[in-house]
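The block underneath contains the structure these notes are about, expressed in structure tokens.
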Amino acid sequence: MSTDSLVGNTSRPNDVDAQLVAEMASAPDTRDEIYVGGVWTRGSGALIESVNPATSEVFATLHGATTADVDAAVAAGLKAVEKSGWAKKLPHERAAVLHRISSAIEINADRIAELQTLDTGKTLVETKALAMSAAATFRFTASALETMEDALTPPRGNYLSMSTYEAIGVVGAITPWNSPIASDAQKVAPALAAGNAVVVKPPVWAPWVSLLLARICEEAGLPAGLLSVLPGPGRVVGDAIARHPDVGKISFTGGTSTGRQLGHIAAEKIMPITLELGGKSPTIIFADADLDQAVAGVLYGIFSSSGQSCIAGSRVFIQRSVYDSVIERLVKGAEALRIGPGTDPSTQVGPLVAHAHRDVVAGMVDDARLAGAQILCGGAAPKDPRLQAGAFYEPTIIAGVSNSDLICQEEIFGPVAVVLPFDDEADLILQANDSVFGLACGIWTADYRLAWRTARAVSAGTVWVNTYKQFSISTPFSGLKESGLGTEKGRDGIRSYMHQKSIYIDLSGASIPWAGN
């Protein structure tokens, strides 16, 4: 994209200039450097080998961060907040920087997509969409920041009372490997908008896009020290960030087990925390649904991203009167999906992120098979010799199980769906809510009254009706039960990185009753 076309297609203030475009175009993607308090430096931590999951080839290496790097990053963040006056800048001044970051992400969307596909195996269609989502997140956050208001609360006496919000200081963001750039943006953008410095711990399996985002933020004019990106093992780097006495909040996206551990740390520190955790989301097909649309939606909901999504529709409930017909369509559709490397434009299902993860997924399916489950399709690595080196796994549909079985209760995080029949609404709600998770739900029906009743009855933070995986950065996202705590996205997402303060101003001029005593 040329600079002229960028300017011609945007009307936002402070767009990236030609110099920034040139600098970003020539910037290397995989330097053996981490970003500590605004300084690029070679890490002294464990060696990280980045493997292309489609070919099993090591394409880059990186020395990760240490606890000393965490200390340096937090100290730099505290200093930067004070020295730059970032938290005290007017909202539109912080928003201008966020707008420039958004524009820079758009300029580099293709590079971001290519790097993320190399790192995670995702299709280029998906990684390009994730890059554009990240740009939209920074743009929305900037716009929301400029229009956010403090509240003048109703007084109950002769005084003025208001509720205001202030920055926390330094916050930690621990991001997942399944959608690096989008998850980074959903934490970094609101945290910066709120006036904080941010220390990011990206996933060991996919650190490069987070480091590229740091370069983009740097070139877009974010004051040095407000952002650090520290790749490394969660038990070392993530733990050090969470336990650091000067880190005032943690935002984490990942597994429920790790989230529970971070929750304990937050409780010990009496520190706010946002957790986006696992899911075992139900997708519901009622007999009156448009079955062609429903089947397409179910296939997309579970097999896009190779099932490596916390919101994947992994439990498929089908009304008994159409159960056999829908099963036949689902199996036919799953078997027709095109498996291949993410760089192939025709690929619909790419590899899993690593062989180790593929083995975990395969092991869970094998256990279900041994327990008596029926594998309707998939259940193995593809036999295509061109795919043998990669961490591929066939789209898998499992039947003959009960909702109480482990395969229906545990998050698989792979291209595996279980199908279960239901008889009526009461039976459905009982089964759908019989889970420790409560992240998402999909409903397919032509009856809007039925859709409304079901959407309200199912325990889930997000419910889709006749669609799936539809998102908006302006709409809050959260989970129930063991799927999470707190809110991301929307205006509430910015407020979650701030302290709330109440201020009272007396208007009466009356003496305090105790005066003169």
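- The two residues I216 and I101 come nearest to each other via the heavy atoms CG2-O, 4.1 Å.
- Checked against I473 for a side-chain contact (heavy atoms from CB on, under 4.5 Å), the options R139, K489, E488 give a single hit: K489.
- Across P382 and E394, no two heavy atoms sit closer than the pair CA-OE2, 3.7 Å.
- A donor and an acceptor atom, one from each side chain of T41 and E33, are nowhere located under 3.5 Å apart.
- Using a distance-only test at 3.5 Å, with no hydrogens or angles considered, no donor-acceptor pair links the side chain of T117 to the main chain of G342.
- Relative ring orientation between W177 and H357 is described as perpendicular, the plane-to-plane angle rising above 60° on a 0-90° scale split at 30° and 60°.
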Working note: E219 + R100, criterion salt bridge (Lys or Arg N to Asp or Glu O under 4.0 Å); need CA distance, chi angles, decisive distance, verdict.
CA-CA 9 Å; E219 297 291 351; R100 292 201 298 271; over 6 Å; no
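- Figure legend: K481 and F437 shown without cation-pi pairing, the cationic atom not lying both under 6.0 angstrom from the six-membered ring centre and within 45 degrees of its axis.
- Note on R94 versus E146: no salt bridge recorded, every NZ/NE/NH1/NH2 to OD/OE distance being 4.0 Å or above.
- Here the options are L62, V229, V237, V39, the test is side-chain contact (heavy atoms from CB on, under 4.5 Å), and the partner is I34; only L62 passes.
- Under the 3.5 Å distance criterion, the side-chain polar atoms of Q388 are matched with a main-chain donor or acceptor of D384.
- For R215 and Y35, the positive end is not near the middle of the six-membered ring at less than 6.0 Å and at most 45° from its axis.
- K501 has a carboxylate O that lies under 4.0 Å from a charged side-chain N of E166, or vice versa, which qualifies the two as a salt bridge.
- Between the side chain of S84 and the backbone N or O of A80, at least one donor-acceptor pair lies under 3.5 Å.
- In summary, the side chains of K249 and T274 do present a donor paired with an acceptor at a separation below 3.5 Å, with no hydrogens or angles considered.
- By the 6.0 Å contact criterion, CD on Q500 is enclosed, its count of non-hydrogen atoms from other residues, nucleotides or ligands being greater than 12.
- Under a 3.5 Å cut-off, the side chain of D69 and the backbone N or O of T66 do form a donor-acceptor pair.
- With hydrogens and angles disregarded, no donor-acceptor distance shorter than 3.5 Å links the side chain of T396 to the backbone of V416.
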